[in-house]
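Naming convention: chains lettered A, B, ... in sequence-line order (proteins, then strands); numbering from 1 in each chain.
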There are 2 protein chains.
Amino acid sequence: MKYSKATNYALHTMMYMIAIEPNSPLGVQQLADKQGVSPTYLSKILTKLVKAGLIESASGAHGGYRLKGKREDISFLDIIHAVEGTASLFECCGSEDSKCLIHGVMLEAEEGMEQHLKNTKMIDVARKRFSGIS
Amino acid sequence: MKYSKATNYALHTMMYMIAIEPNSPLGVQQLADKQGVSPTYLSKILTKLVKAGLIESASGAHGGYRLKGKREDISFLDIIHAVEGTASLFECCGSEDSKCLIHGVMLEAEEGMEQHLKNTKMIDVARKRFSGIS
DNA sequence: TTATTATAGACACATGAAGTCTTTGATTGG
DNA sequence: CCAATCAAAGACTTCATGTGTCTATAATAA
Ligand code: SF4
Ligand code: SF4
């Protein structure tokens, strides 16, 4: 029961891209260097973000990753869902439609966490001052 | 990033004990039967609850597990912390005291979930009607 | 064409969850 | 005391997933 390191990498990368807002695409090489992670591994994570529609990629020379549209709307939850998936944290005995009360409480609790992650936009944190990767 | 099945077992067992409120201790054998889980495995989980002070155990004939004090105060969070531990869901680069803003948002989100689990007492759900294990 | 860069998949490795088995120790009842 | 009962503890296996590497392929710019 822990967030994966991949989520950590994804959050830092997205925060960086949103904070500096470059005009040219960023290569996975430099993004990986900043976090001390292998480029090939980070690329697998970033590919998930591409498929989620958060960023876009460009192959070839001077290619790389760039934010895709609407910079202000990207929330923490968007990134986490892209990396960790959208399945519920509490899964149990089969696919009964009539979830019991225990299940209900757990889902409500999870909802509480997701609400906060949904309401907090990346750009809000980026503006405050980003003390993460240089 | 999922709650373990052990947490599920612990919640169901505690809900059962709180709902029926027996005077005599319950053996792990019958508790395990209700959930279709191995008795020895369930006992390992229940031992965690004992160490957390939520229940108490008695060896020997007619022994078993019994609630320990204050039945009304047991929250979902108490049980989850006993089984899953109290570590944060979001851990990262070393033990710096100066957590960055990303870290802060994640901790706040987690706090949102824990608040709900803390405020919801097991007995509240037990009173409503427990549609779980018969 | 060649250099650059993302994508994909196979692969290896470490970690933790899930479960079994056995031994030990404590308690009750005869 | 003796035997049956029951929890506690630890070693052990198995399996799933996270983490990461490596290589081949495809796309693009110079
Ligand atoms: S929480 Fe409810 S739905 Fe889930 S296993 Fe227990 S009884 Fe079934
Ligand atoms: S979230 Fe903050 S404290 Fe955690 S690794 Fe990133 S910069 Fe460091």
Side-chain angles (χ1 to χ4, degrees), chain A residues 1-13 17 22 24-33 35-68 80 82-85 87 89-93, chain B residues 1-13 17 22 24-33 35-68 80 82-85 87 89-93:
Chain A
M1 185 61 175
K2 271 200 193 326
Y3 281 104
S4 64
K5 301 182 73 173
T7 293
N8 197 352
Y9 296 146
L11 285 173
H12 280 80
T13 303
M17 295 180 83
S24 56
L26 296 169
V28 72
Q29 183 66 59
Q30 52 177 313
L31 291 171
D33 287 344
Q35 306 184 51
V37 61
S38 144
T40 53
Y41 183 43
L42 185 59
S43 80
K44 283 173 66 169
I45 300 168
L46 295 186
T47 300
K48 288 185 178 179
L49 298 179
V50 170
K51 291 185 176 172
L54 297 176
I55 59 179
E56 59 187 358
S57 64
S59 287
H62 304 106
Y65 298 94
R66 192 198 320 231
L67 288 180
K68 187 174 179 182
I80 292 172
V83 176
E84 304 255 356
L89 298 185
F90 190 77
E91 289 178 341
C92 54
C93 63
Chain B
M1 183 61 173
K2 270 198 193 328
Y3 281 104
S4 64
K5 302 181 74 172
T7 293
N8 198 353
Y9 296 146
L11 285 173
H12 281 79
T13 302
M17 296 180 82
S24 57
L26 296 169
V28 72
Q29 183 65 59
Q30 51 176 313
L31 291 171
D33 287 344
Q35 304 185 51
V37 62
S38 146
T40 54
Y41 183 44
L42 184 59
S43 82
K44 284 174 65 170
I45 299 168
L46 295 187
T47 300
K48 288 184 177 179
L49 298 179
V50 171
K51 291 184 175 172
L54 297 176
I55 59 178
E56 59 188 359
S57 66
S59 286
H62 304 107
Y65 297 93
R66 193 199 319 232
L67 288 180
K68 186 174 181 182
I80 292 173
V83 176
E84 302 257 355
L89 298 185
F90 190 78
E91 289 179 341
C92 54
C93 62

- prompt: Quick one: on DNA chain C, does E84(B) or S43(A) contact a more 5' nucleotide (nearest heavy atom)?
  reply: S43(A)
query: Roughly how many Å is it from OH in Y41(B) to P in dT14(D), rounded to a whole number?
result: 17 Å
- line: Separation of dA3(D) atom P from H62(B) atom NE2, nearest Å, is 19 Å
field: Close approaches to DNA chain D from residues 52-61 of chain B, in residue order (heavy atom, under 4.0 Å)
entry: S57(B), A58(B), S59(B), G60(B), A61(B)
task: Let me know the distance between CD of Q29(A) and C1' of dA6(C), rounded to the nearest Å.
output: 13 Å
- prompt: Is any side-chain N or O of T47(B) closer than 4.0 Å to OP1 or OP2 of dA8(D)?
  reply: yes
query: Between T13(A) and I45(A), does a side-chain contact (heavy atoms from CB on, under 4.5 Å) hold up when you go through it step by step?
result: CA-CA 10 Å; T13(A) 303; I45(A) 300 168; over 6 Å; no
task: May I have the distance from M1(A) (atom CE) to dG18(D) (atom P), rounded to whole angstrom?
output: 13 Å
task: Round to the nearest Å and state the distance from E91(B) atom CD to dT19(D) atom C1'.
output: 16 Å
- prompt: Between K44(A) and dG9(C), is there a side-chain N or O to OP1/OP2 distance below 4.0 Å?
  reply: no
task: Please round to the nearest 0.5 Å and tell me the distance separating atom CG of N8(B) and atom CD of E91(A).
output: 11.0 Å
query: Taking atom P of dA14(C) as reference, at what distance in whole Å does atom NZ of K5(A) sit?
result: 14 Å
- request: State the SG-NZ distance between C92(A) and K5(B), to the nearest 0.5 angstrom.
  value: 10.5 Å
- line: Rounded to the nearest 0.5 angstrom, the CG-OG1 distance for L89(B) and T7(A) is 11.0 Å
message: Between Q29(B) and P39(B) (side chain of the first, backbone of the second, donor and acceptor by atom type, cut-off under 3.5 Å), is there such a pair?
response: no
- request: Determine the contact category for V37(B): base if any of its heavy atoms lies under 4.0 Å from a base atom, sugar-phosphate if only primed atoms, P, OP1 or OP2 are that close, otherwise nothing.
  value: nothing
- prompt: CE of M17(A) to CG of L54(A): how many Å apart, nearest 0.5 Å?
  reply: 10.5 Å
- line: When rounded to whole Å, the CD1 to P distance for the pair I45(B) and dG10(D) reads 17 Å
message: Nearest 0.5 angstrom please: E84(A) CD to K48(A) NZ, how far?
response: 8.0 Å
message: On the nucleotide dG19(C), are OP1 or OP2 found under 4.0 Å from the side-chain N or O atoms that Y9(B) carries?
response: yes
field: N/O (side chain, K51(B)) to phosphate O (OP1/OP2, dA9(D)) under 4.0 Å
entry: yes
- prompt: Please give, in whole Å, the distance from dA17(C) C1' to K2(A) NZ?
  reply: 14 Å
query: Do the side-chain N or O atoms of T40(B) get closer than 4.0 angstrom to the phosphate oxygens (OP1, OP2) of dG19(C)?
result: no
